[in-house]
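This report refers to the structure that appears directly beneath it.
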Amino acid sequence: DYSVNPPSFADNGDGTVKDSVTGLVWQKADGGEMTWSNALVYAQTNRLGGQSDWRLPTSHEAFSILNHGRLNPALDTTYFTLSAAQYWWTADTQVGDASQVWAINAGGGIGAHRQTETLSAGGTNRYHVRCVRGVAMSDRPVHHFTNNLDGTTTDLDTGLTWQQAEYLAVNWESALQYAEGLSFAGKTDWRLPNIK
């Protein structure tokens, strides 16, 4: 419903894709199905495009390349090579349970999963690896907020201003209408946030 920082990719012609929004460079074709421990080693030894600083993405980085206007895979296959992957590993384990690793899925979601779910570990799902390089986005973003003392809070990192109080539970269509019609704190350009 809103186009805010839409995905923008460029094929580098060397098996890599640059994300113009984040500046990260991604492996175009994933490295195939493997255990999470093998995915970590794969990333450390990857030399794609003549570069040696490949790594597994953080969960936020991996989620950032998903295109929620597409399904199975929720990736832009103009830039990312189609594979049989159901999931892609990230570098992040679940807080309090290191046996579970965050993974994005072909349907556009993200969640923590047992390492044993992948075929290579005796499971029934296909977990693949797709490496990234560039300055890491934190897996736990630190936000700097300011209270505007008018019922709103501004996130100084993103520049977004948020309504502090929740609105009564409504369905999605009503929520869209509420946000579109909202005149609050001297502003009329309110909207629902996107998934990212």
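Counting from 1, the numbers follow the sequence of the chain as shown.
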Distance (rounded to the nearest 0.5 Å) between T154 OG1 and L160 CG: 9.0 Å

Plane angle bin for Y178 and Y167 - parallel if under 30°, tilted between 30 and 60°, otherwise perpendicular: parallel

Inter- and intrachain pairs under side-chain hydrogen bond (donor to acceptor under 3.5 Å, both in side chains), touching residues 182-196, at least two apart: none

Sub-4.5 Å side-chain heavy-atom contact between E33 and S120: yes

Distance, nearest 0.5 Å, that separates CD of Q27 from OH of Y42: 3.5 Å

Polar side-chain atom of W54 near backbone of L48 as donor-acceptor pair, under 3.5 Å: yes

Residue pairs fulfilling salt bridge (charged side-chain N to carboxylate O under 4.0 Å, His left out) with at least one residue in residues 102-126, sequence neighbours excluded: R114-E117

Residue pair L192 / W172, side-chain heavy-atom distance below 4.5 Å: yes

Single-linkage hydrophobic cluster, 4.5 Å side-chain cutoff, L66 and V132 together: yes

Value rounded to 0.5 Å, distance of CH2 in W89 from CG in L56: 10.0 Å

Donor-acceptor under 3.5 Å (T35 side chain, N38 main chain): yes

Backbone of V25 reached by a side-chain donor or acceptor of T16 within 3.5 Å: no

Minimum heavy-atom distance between A85 and A106, given as atom pair plus value: O-CB, 3.9 Å

T22 versus E61, side-chain donor and acceptor atoms under 3.5 Å: no

Co-membership, hydrophobic cluster, residues I104 and I195, 4.5 Å side-chain: yes

Interatomic spacing from CG in D30 to CH2 in W88 - rounded to 0.5 Å: 6.5 Å

Heavy-atom side-chain contact between W102 and F63 under 4.5 Å: no

Donor-acceptor contact below 3.5 Å, side chain Q115 vs main chain V101: no

Any donor-acceptor pair under 3.5 Å from W36 side chain to T118 backbone: no

For R133, all residues meeting salt bridge (Lys or Arg N to Asp or Glu O under 4.0 Å), sequence neighbours excluded: D53

Donor-acceptor under 3.5 Å (T152 side chain, T161 main chain): no

Flag side-chain contact, heavy atom, 4.5 Å: V21 against P7: no

Distance (rounded to the nearest 0.5 Å) between L75 CG and N67 CG: 8.0 Å

Pairwise side-chain contact, T77 with R70, heavy-atom cut-off 4.5 Å (strictly under): yes

Ring geometry between Y127 and Y87 (parallel below 30°, tilted from 30 to 60°, perpendicular above 60°): parallel

Donor on one side chain, acceptor on other, N147 and Q164, under 3.5 Å: yes

